[in-house]
Asker: 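Dumping the structure here so I can ask a few things about it.
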Number of protein chains: 2
Amino acid sequence: MATLKDVARLAGVSVKTVSNVVNGYSFVKPDNRRRVEEALEATGYRPNLGARNLRRGRTGFIALVLPELSIPYFAELAGLVIAAAQEHEWNVLIEQTFGTLSGERQALASLGPHLVDAAILSPEALQVEDFQLSVPAVLLGEHDVEVPISRVGIDNVAAAMTAVRHLISLGRTRIAAIGAHPQRGTAALRLEGYQAALEEAGLPFVSSLVVPAVNYHRADGAAAMRTLLDLRNPPDAVFCFNDLLAVGAMRTAAERFVRVPHDLAIVGFDNNDESAYSSPSLTSVAPDKAAIARAAVDLLRQRADSPDLALDDVQTPFSLQVRESTVAR
Amino acid sequence: MATLKDVARLAGVSVKTVSNVVNGYSFVKPDNRRRVEEALEATGYRPNLGARNLRRGRTGFIALVLPELSIPYFAELAGLVIAAAQEHEWNVLIEQTFGTLSGERQALASLGPHLVDAAILSPEALQVEDFQLSVPAVLLGEHDVEVPISRVGIDNVAAAMTAVRHLISLGRTRIAAIGAHPQRGTAALRLEGYQAALEEAGLPFVSSLVVPAVNYHRADGAAAMRTLLDLRNPPDAVFCFNDLLAVGAMRTAAERFVRVPHDLAIVGFDNNDESAYSSPSLTSVAPDKAAIARAAVDLLRQRADSPDLALDDVQTPFSLQVRESTVAR
DNA sequence: ATGAAAGCGCTAACAA
DNA sequence: TTGTTAGCGCTTTCAT
């Protein structure tokens, strides 16, 4: 592997001049520039990023800390973050926490400034005291914990209200919710939106129609739906706090021969790619994932350049994708 | 951020001693060890990986080059690779190529030895001449191109035969295939297995039942299925070269009121998580993704340690997950 | 067993 | 405009 020194020797100039050419700096005598460029070409020189970053005091990486890549929402988001980071010459380091407190703590602990320049976090269990980050960071989504970290995400209360209002507009009156979670801030907000929409329409809040979910996987949605269908008075609609739960719920409905949307309308959240292709296809709250990724990376770029910028809270847009699980084709 | 020097000063020893303690090397006088450990604790020292790797001539990263994280198969695989790499103290750098030749070339070009120690590649369009890697690499899956790179993957011909034999055992006789692709090696092998299974059973090969797919997304499967259902003599079964195509095919079947599996049995490939939850659930060839991830990382670890190990070709196991899309519940 | 010092490849301050 | 050189934080001879 050719180094700057090799190139300099070949071109008969100093490393500084080569460095200048490589970095597009200042003014280099045309003659020298040409010889350096030839030497660069001849040696196939490629800068050693490790050395460059050591010198510059940066790493060239940002971390993306998320529960699990096998969860479609995070996989899609990760792809978008990688694309957005590329435009800022950042490589992305993905850390999986599996949604556990210990996993999240471990991931955070590994995020020294020598490893990454900044971090995008999507925590589920972290406590306030854990947020002693040594690099600029941005939180994805809303959380109850009041931590001094910038955030990017949608308005969960409004999004949940939109979903439930849609169900109400369809004439549904016994609307269930799947995904309540005591510790999870996002869940609390979606539940709040659910309640607000019910109240607004003068519908009663029935606590047996609110089913918690420990995890947000398909199996949890399936189990929750079984609970709901076993009720003496089952719901005629259900708002799931993510698409995975909704897919599980639809699966249970199919197994029990409950017709969707005729007997039961279902709305999900996240608008996973797969949701457009299920039968019936799934109505879902669609956050603008590309906007989230872009906003997060932009925010970090600013913070990395000027570390003590004020906290920010970016609200990204969302929409409701209406499909067959609420409106028959 | 505390450096080795800081710790050494605090402990009243040389950096060498501290380095020895940090790296668990040789014998350190108990008294010194204790003082170093206290200083380590007091300063909250964390080694600067960039500097360490610069010195060691390694980067601490491996690249995972894949088409797209939004494709569930790759997302699941990526998660497993990250987990496997962690056990070898490697961080994973994910590069998305979007399956294009230019994307793949660009990704490869960026893989200098100063960026990554090794690479796991999942190419779709690369030509032989592109494989001028400067770091140890492993190819995921089988490819026609004869390149001097180790490979890890399943036996695609055998896997495809297993899938088609299953359909034949169900009494299906007009078995279609979705996903033929002129350039893609994996597609050629799956097609080969499809043909072999038909031949073995004395079934005719009907070329109109083989539908190509430019991409392997859900939309492509849906379109291919429309083509098949428009045939004067449509198939009674279809083998899709991945689960995404199968999901699309199922969607089209539902739209056309074709009953699965009664009128049409469907088998997919990859066993994506989502495939167990569709209605009907999808029968699928299930590669052992964890084994693939582990084998790939292990192989790279060996190659990184002793660069001129012989080429290897690891065959990982697979199974057939039989579900409702072929056998009604 | 431990210290001193060189050097990984690069950038930037300082000289020239 | 370009060369010389120090030094980023670490590991590792080479002494001691």
Side-chain angles (χ1 to χ4, degrees), chain A residues 1-40 43-61 89 110 112-117 134-135 304, chain B residues 1-40 43-61 89 91 112-117 134-135 304:
Chain A
M1 210 58 196
T3 72
L4 264 194
K5 206 150 90 177
D6 299 330
V7 179
R9 197 181 315 117
L10 185 63
V13 298
S14 77
V15 286
K16 177 58 164 46
T17 303
V18 181
S19 176
N20 281 345
V21 171
V22 170
N23 293 291
Y25 278 163
S26 67
F27 298 72
V28 178
K29 216 175 353 193
D31 186 44
N32 277 341
R33 173 178 298 274
R34 191 185 42 72
R35 289 164 56 206
V36 169
E37 276 165 354
E38 281 172 15
L40 246 20
T43 54
Y45 171 79
R46 315 255 306 140
N48 180 317
L49 271 359
R52 170 180 289 175
N53 290 330
L54 173 62
R55 180 60 237 229
R56 283 190 180 160
R58 69 188 296 264
T59 70
F61 291 95
E89 299 192 292
S110 78
H114 38 264
L115 218 213
V116 297
D117 298 326
S134 49
V135 295
Chain B
M1 209 57 196
T3 73
L4 266 195
K5 205 150 84 176
D6 299 331
V7 179
R9 195 180 319 114
L10 186 62
V13 298
S14 78
V15 285
K16 175 60 164 47
T17 304
V18 181
S19 176
N20 281 345
V21 172
V22 169
N23 293 291
Y25 279 162
S26 69
F27 299 71
V28 178
K29 208 161 23 180
D31 185 44
N32 277 341
R33 174 177 298 274
R34 193 184 41 74
R35 288 163 58 204
V36 168
E37 277 166 353
E38 280 172 14
L40 246 21
T43 55
Y45 172 80
R46 316 256 306 139
N48 180 319
L49 271 358
R52 169 181 290 177
N53 290 330
L54 173 62
R55 180 61 237 233
R56 284 189 180 160
R58 70 189 293 267
T59 72
F61 291 95
E89 298 193 292
N91 277 114
H114 36 265
L115 217 213
V116 295
D117 298 325
S134 49
V135 294

Asker: One pair to check against side chain to side chain contact (heavy atoms under 4.5 Å, CB included): A:Val28 and A:Val36. What are the steps and the verdict?
Answerer: CA-CA 10 Å; A:Val28 178; A:Val36 169; 5.8 Å; no
Asker: Whole Å only: how far is the CZ atom of A:Arg33 from the P atom of D:dT1?
Answerer: 11 Å
Asker: Does any N or O in the side chain of B:Thr43 come within less than 3.5 Å of the main-chain N or O of B:Val7, such that one atom is a donor and the other an acceptor?
Answerer: no
Asker: For a quick check, with a 4.0 angstrom heavy-atom cut-off, what is the B/S/- contact string for nucleotides 9-16 of chain C, read 5' to 3'?
Answerer: BBBBB---
Asker: With side chain to side chain contact (heavy atoms under 4.5 Å, CB included) as the criterion, how do B:Phe61 and B:Asn53 come out once you've worked through the C-alpha distance, each side chain's angles and the decisive distance to 0.1 Å?
Answerer: CA-CA 10 Å; B:Phe61 291 95; B:Asn53 290 330; 5.6 Å; no
Asker: Rounded to whole angstroms, how far apart are NE2 on A:His114 and P on D:dC8?
Answerer: 17 Å
Asker: Looking at A:Asn32, does any N or O in its side chain come under 4.0 Å of the phosphate oxygens OP1/OP2 on D:dT2?
Answerer: yes
Asker: For the helix from C:dA1-D:dT16 to C:dA16-D:dT1, what is the angle between the axes at its two ends, each from 5 pairs, rounded to 10°?
Answerer: 40°
Asker: Shortest non-hydrogen contact from A:Ala8 to A:Val18?
Answerer: CA-CG2, 3.6 Å
Asker: Take the protein atom CG of B:Leu115 and the nucleotide atom P of C:dC8, then report the distance between them rounded to whole Å.
Answerer: 21 Å
Asker: Strictly distance-based, threshold 3.5 Å: is any side-chain N or O of A:Asn23 a donor or acceptor partner for the main-chain N or O of A:Ser19?
Answerer: yes
Asker: Between C1' on C:dT2 and CG on B:Asp31, what's the gap in Å once rounded to a whole number?
Answerer: 13 Å
Asker: So A:Asn53, base contact, sugar-phosphate only, or nothing? Heavy-atom distance under 4.0 Å.
Answerer: nothing
Asker: For residues A:Thr59 and A:Val116, report the shortest heavy-atom separation together with the two atoms involved.
Answerer: OG1-CA, 3.3 Å
Asker: When you measure from the side chain of B:His114 to the backbone N and O of A:Gly50, does any donor-acceptor pair fall under 3.5 Å?
Answerer: no
Asker: Keeping to residues at least two apart or across chains, list the salt bridge (Lys or Arg N to Asp or Glu O under 4.0 Å) pairs with something in residues 43-58 of chain B.
Answerer: B:Arg58-B:Asp117
